[in-house]
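Structure record follows, encoded as structure tokens.
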Amino acid sequence: MEQLSYEIEINAEPEKVWSVLWGDITYRQWTTAFMEGSYYEGTLEEKNIIKFLDPKHNGMYSRVEKIIPNQEIKFLHLGEIYEGIEVAQDWGESTESYFLEENDEGTLLKTVIQSPAEFKDFFEEKFPKALLLVKHLSENQL
């Protein structure tokens with residue numbers, strides 16, 4: 001298991017950054033860094049299952065382990081989805097966490113990912129691009 005972390009300073013308050021991260025329209029915009037047409041289904045509440053999908057209904061499903069609105073959210077990745085069918089995976093403690101810390105400049109957005117080694121190169125390439133999109137959306141939207 002690899003622990004990866006990324007962070008970016010955003011000149012916007014945490015509430016704005018949170019709304020960009022998890023709002024339907026803006027989520028679809030910043031996640032184009034991973035896959036064009038990405039979206040999620042489900043309600044962001046502790047213990048709920050969230051499906052992260054592409055336009056062909058492929059992706060993964062995860063459980064919300066922790067959520068403190070405008071501050072922190074943690075997902076435990078449980079399995080993959082192929083053409084709408086859930087397939088459990090033995091990924092152990094494969095998690096993805098987002099932390100928003102308010103500071104004088106606005107918000108420090110940190111992500112910490114516990115990932116199987118085979119996904120490391122994908123995240124190393126895509127996550128910095130995704131965070132730049134979150135920054136752009138947070139700083140340039142009304």
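Counting from 1, the numbers follow the sequence of the chain as shown.
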**OP:** Taking the side chain as every heavy atom from C-beta outward, state whether Val64 and Ile50 have any atom pair closer than 4.5 Å.
**Re:** yes

Original post:
CD1/Ile8 to OG1/Thr111 distance, rounded to the nearest 0.5 angstrom?
Top reply: 10.0 Å

Subject >> CZ-OG distance between Phe122 and Ser115, expressed to the nearest 0.5 angstrom >> reply: 10.0 Å

Original post:
Hey, are the side chains of Gln114 and Glu93 touching, using non-hydrogen atoms and a 4.5 Å cut-off?
Top reply: no

Original post:
Looking at Lys74 and Glu96, does any basic side-chain N land under 4.0 Å from a carboxylate oxygen?
Top reply: no

Original post:
When rounded to the nearest 0.5 angstrom, what is the spacing between CD in Glu124 and CG in Leu4?
Top reply: 5.5 Å

Subject >> Shared hydrophobic cluster, Val17 / Leu132 (ILVMFWY, side-chain heavy atoms < 4.5 Å) >> reply: yes

Original post:
If you count the non-hydrogen atoms of other residues, nucleotides and ligands that lie under 6.0 Å from CD in Glu118, is the total more than 12?
Top reply: yes

**OP:** Indicate the atoms forming the closest heavy-atom contact of Glu102 with Pro14, along with that distance.
**Re:** CB-CG, 3.7 Å

Original post:
Is Tyr98 linked to Leu44 within one hydrophobic cluster, defined over Ile, Leu, Val, Met, Phe, Trp and Tyr using a side-chain heavy-atom separation of less than 4.5 Å?
Top reply: yes

Original post:
Do Asn11 side-chain atoms and Glu139 backbone N/O form a donor-acceptor pair below 3.5 Å?
Top reply: no

Original post:
Passes ring pair (Phe, Tyr, Trp, His ring centres under 6.0 Å), Phe34 versus Phe127? Steps please.
Top reply: CA-CA 8 Å; Phe34 301 107; Phe127 237 100; 5.1 Å; yes

Subject >> Side chain proximity check, Leu78 to Ile49, heavy atoms < 4.5 angstrom >> reply: yes

**OP:** Determine the minimum heavy-atom distance between Ala117 and Glu2, stating which atoms define it.
**Re:** CA-CG, 3.7 Å

Original post:
Run the side chain to side chain contact (heavy atoms under 4.5 Å, CB included) check on Leu21 and Thr26 step by step: do they pass?
Top reply: CA-CA 7 Å; Leu21 284 170; Thr26 50; over 6 Å; no

Original post:
Less than 4.5 Å apart, any side-chain heavy atom of Tyr40 and any of Leu53?
Top reply: no

**OP:** Go through the steps to decide whether Phe75 and Ile67 satisfy the test side chain to side chain contact (heavy atoms under 4.5 Å, CB included), and finish with yes or no.
**Re:** CA-CA 9 Å; Phe75 299 99; Ile67 184 167; over 6 Å; no

Subject >> Any side-chain heavy-atom pair of Trp30 and Leu137 under 4.5 Å >> reply: yes

Original post:
Does any non-hydrogen side-chain atom of Ile113 lie less than 4.5 Å from one of Tyr6?
Top reply: yes

Original post:
What closest approach, in Å, do Glu86 and Tyr61 show between heavy atoms, and which atom pair accounts for it?
Top reply: CB-CE2, 3.5 Å

**OP:** Identify whether the distance between the nearest side-chain nitrogen and carboxylate oxygen of Lys135 and Glu9 falls below 4.0 Å.
**Re:** no

Original post:
Out of curiosity, Thr107 OG1 to Lys110 NZ, how far, rounded to the nearest 0.5 Å?
Top reply: 12.5 Å

Original post:
Any ion pair linking Glu65 and Arg63 (charged N to carboxylate O, less than 4.0 Å)?
Top reply: yes

**OP:** Could you check if a side-chain atom of Trp18 sits within less than 4.5 angstrom of a side-chain atom of Leu100, using non-hydrogen atoms only?
**Re:** yes

Subject >> Separation between OG of Ser38 and CD of Glu36, rounded to the nearest 0.5 Å >> reply: 8.0 Å

Original post:
Taking it one step at a time, do Tyr39 and Trp22 satisfy ring pair (Phe, Tyr, Trp, His ring centres under 6.0 Å)?
Top reply: CA-CA 10 Å; Tyr39 66 101; Trp22 309 116; over 10 Å; no

**OP:** Would you check, one step at a time, whether the test side chain to side chain contact (heavy atoms under 4.5 Å, CB included) holds for Val20 with Ser138?
**Re:** CA-CA 6 Å; Val20 166; Ser138 297; 3.6 Å; yes

Subject >> Verdict with reasoning, Val87 to Ile81, per side chain to side chain contact (heavy atoms under 4.5 Å, CB included) >> reply: CA-CA 6 Å; Val87 180; Ile81 302 171; over 6 Å; no

Original post:
Rounded to the nearest 0.5 Å, what separation is found between the NE2 atom of His77 and the CD atom of Gln89?
Top reply: 12.5 Å

Subject >> Exercise: do Tyr27 and Gln29 side chains pair donor with acceptor under 3.5 Å >> reply: no

**OP:** Determine yes or no for a side-chain-to-main-chain donor-acceptor pair under 3.5 angstrom, with Asn140 supplying the side chain and His136 the backbone.
**Re:** yes

Original post:
Under 4.5 Å between side-chain heavy atoms, hopping through other hydrophobics if needed: is there a path connecting Phe52 to Trp91?
Top reply: yes

**OP:** Could you tell me whether Asp90 atom CG has more than 12 heavy atoms of other residues or ligands within 6.0 Å of it?
**Re:** no

Original post:
Is Met60 linked to Phe119 within one hydrophobic cluster, defined over Ile, Leu, Val, Met, Phe, Trp and Tyr using a side-chain heavy-atom separation of less than 4.5 Å?
Top reply: yes

Original post:
Are any of the side-chain nitrogens in Glu72 or Lys66 under 4.0 Å away from the carboxylate oxygens of its partner?
Top reply: yes

Original post:
Does Asn70 reach the side chain of Ile68, with side-chain heavy atoms less than 4.5 Å apart?
Top reply: no

